[in-house]
Amino acid sequence: MKEYKYKINGNLYKVAVGDIDDNIAQVEVNGVPYKVELERAKGAAPVKVAAAPKAAAAPRTASGEKVIAKPAAGGAGAAVVAPLPGVVISIPVKVGDTVKAADTVLLLEAMKMENAIHAGRDGRVASINVNPGDSVLEGATLLTIE
C-alpha cells in the first residue's frame, strides 16, 4: 500500500491506497478501510492496478529444508566465521590470495546493512566455503586462512 499524510482544515489524515480493481480502490484512512469508486472517463477502459508482487520464498531442498549454509567443521588454518546471520553480498578475495589482518575478505548483508568481514590475521586464503547470495547463520565458516 502507498501511504500519504494529508492535513485538511487542520486535521491530519493518514491515507493508504492499495489495489485498484475495476475502478474500485482499497483505501484506508486513519486505520479505517474503505472501498472507493473512481469516476470513469467517458469511453475509458476500467482501471486495474495490482500491488507489487511479493518476494519469493527461500529456496528449499528436495526434503523441504531451507537452503542455508550451516557452521562447518574447521579444517587446517584459521576459520573466518560469520559474526551474525545474513546474506553474502560479495567476496573480494580468491583462494590463494595473501591477506593482511585488516583486509576485507567478505561483505555480508544483515538487517539491511552491509558488514565488512575482515581476515583477522595475516595469511593466505586456503578455502572459501560460501558464494555470493548464500544465506549464512551466525558462526558459519565463511573461509579459512592459513
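Note: hydrogens, waters and symmetry copies are ignored here, and every other heavy atom, side chains too, is used. We number each residue from 1, following the sequence as shown.
- For R124, the side-chain hydrogen bond (donor to acceptor under 3.5 Å, both in side chains) partners at least two apart in sequence or on another chain are E146.
- For the atom pair T104 OG1 and I117 CD1, the distance stands at 8.5 Å (nearest 0.5 Å).
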List the steps, then state whether side chain to side chain contact (heavy atoms under 4.5 Å, CB included) holds for I128 with I91.
CA-CA 9 Å; I128 299 175; I91 307 168; 3.9 Å; yes
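- Of the possible donor and acceptor atoms, none in the side chain of N30 sits under 3.5 Å from a partner among the backbone N and O of Y13.
- Heavy-atom minimum distance, A16 versus E3: CB-CG, 3.9 Å.
- When all heavy atoms of V95 and A126 are compared, the closest pair comes out as CG1-O, 3.5 Å.
- In terms of heavy-atom proximity, A119 sits nearest to I145 at CB-CD1, 3.5 Å.
- When side chains are defined from C-beta on, V136 counts as touching V130, because their heavy atoms get closer than 4.5 Å.
- Taking the side chain to side chain contact (heavy atoms under 4.5 Å, CB included) definition, one finds that A101 meets it with D122, sequence neighbours left out.
- Nearest heavy atoms, S135 versus V87: OG-CG2, 4.0 Å.
- Under the 4.5 Å side-chain heavy-atom criterion for ILVMFWY residues, no single connected hydrophobic cluster contains both V15 and L12.
- Across all their heavy atoms, A25 and I20 have their closest contact at CB-CG1, 3.9 Å.
- Side-chain contact between K35 and Q26 is present, with at least one heavy-atom pair separated by less than 4.5 Å.
- The shortest distance between side-chain heavy atoms of N131 and V88 does not fall below 4.5 Å.
- Atom-to-atom distance recorded for I89:CD1 and D134:CG is 12.5 Å, nearest 0.5 angstrom.
- When each of V80, V93, T144 is paired with V125, the side chain to side chain contact (heavy atoms under 4.5 Å, CB included) condition holds for V93 and for no other.
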Donor-acceptor pairs under 3.5 Å, side chain of residues 106-115 to any protein atom, not counting sequence neighbours: which ones?
| unit_1 | atom_1 | unit_2 | atom_2 | d |
| --- | --- | --- | --- | --- |
| N115 | ND2 | L108 | O | 3.3 |
| N115 | ND2 | M113 | O | 3.2 |

